[in-house]
Amino acid sequence: MYDFKPQAGANAATVWDDLFSAVDGVTRGEPDPIANMANVSALLWELVPDLNWAGFYRMLGGELVLGPFQGRAACIRITLGAGVCGAAAATGETQLVDDVHAFPGHIACDAASASELVVPIVIGGRIEGVLDLDSPTPARFTAADAAGAERLCALLSQRLAS
């Protein structure tokens, strides 16, 4: 599997590089998308500091449906355009939100969440889901986190498509 822990005080780029390597290792050769999303959720939870939720919503029947995750119980279905996840799925653009309470239409699945990073998962030109990261810390996520998560989702998109 993988055999590392992020060093205390490691910068975001280093954490995401290490995470990318771990995800590459655990998803290589595994065709099952749920298994892959489950392992990626576990790795995110373990390796990315200051999260209170890490996981996926899958596009099913024109809406986002809860997929594998780590954290408290979550909203099961999200319509396109609703909340941060729905905005990412509707626009196809990463959503980096410093204050979720100021985000129009925010869905409060966990009242402890203060900031959020959501990255669309695109396969064959279609939005197939989103990666969702929540933190109890305002402005927790940076541009480096967004770039790392986008790189991770690009790899995952390749693995989920095969």
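One is the number of the first residue; the rest follow in order along the sequence.
Both Leu155 and Leu19 are assigned to one and the same hydrophobic cluster, defined by single-linkage of ILVMFWY side chains at heavy-atom distances under 4.5 Å. In the hydrophobic cluster analysis, where Ile, Leu, Val, Met, Phe, Trp and Tyr join through side-chain heavy atoms closer than 4.5 angstrom, Val97 is grouped apart from Leu133. There is no path of hydrophobic side-chain contacts, each under 4.5 Å, that joins Leu117 to Phe69. Following chains of ILVMFWY side-chain contacts shorter than 4.5 Å, one cannot reach Val118 starting from Leu43, and the two form parts of different hydrophobic clusters. Val40 is not connected to Leu64 by any chain of hydrophobic side-chain contacts under 4.5 Å among Ile, Leu, Val, Met, Phe, Trp and Tyr, and they are in different clusters.
Here the closest non-hydrogen pair linking Ala35 and Glu30 is CB-CG, 4.4 Å. Arg72 and Trp53 make their closest contact through O-NE1, 3.2 Å (heavy atoms, listed as atom of the first residue, atom of the second, distance). For Val119 against Cys153, the heavy-atom pair with the smallest separation is CG1-SG, 3.7 Å. The two residues Ala54 and Leu51 come nearest to each other via the heavy atoms CB-CD1, 3.9 Å. Contact record, Ala88 with Val130: CB-CG1, 4.2 Å, taken as the closest heavy-atom pair. Contact between Ile121 and Ser157 at its shortest, heavy atoms only, is CG2-OG, 3.4 Å.
Side-chain N/O atoms of Ser135 and Arg140 include no donor and acceptor closer than 3.5 Å.
Separating the CD1 atom in Ile78 from the CG atom in Leu66 is a distance of 8.0 Å, to the nearest 0.5 Å. If you take CD on Gln158 and CZ on Arg28, they are separated by 11.5 Å, rounding to the nearest 0.5 Å. Between Ser41 atom OG and Asn36 atom CG the span is 10.5 Å, to the nearest 0.5 Å. The CG atom of Leu160 lies 6.0 Å from the CE atom of Met37; values are rounded to the nearest 0.5 Å. Taking CG of Leu152 as the reference point, atom CG of Asp145 lies at 12.0 Å (rounded to 0.5 Å). Distance CH2/Trp45 to CG/Asn52: 6.5 Å, rounded to 0.5 Å.
Panel note: side chain Arg159, backbone Asp24; a donor-acceptor pair is recorded below 3.5 Å. For Trp16 (side chain) and Ala149 (main-chain N/O), no donor-acceptor pair under 3.5 Å exists by modelled atom type. Between the side chain of Tyr57 and the backbone N or O of Cys75 there is at least one donor-acceptor pair closer than 3.5 Å.
Around CD1 of Ile76, the count of heavy atoms belonging to other residues, nucleotides or ligands within 6.0 Å does not exceed 12.
Glu116 places none of its side-chain heavy atoms less than 4.5 Å from the side chain of Phe103. Residues Asp50 and Pro136 have side chains in contact (heavy-atom distance under 4.5 Å, counting atoms from C-beta outward). At a threshold of 4.5 Å between non-hydrogen side-chain atoms, the residues Leu156 and Leu131 do not count as touching. Between Arg151 and Asp17, some side-chain heavy-atom pair lies under the 4.5 Å cut-off.
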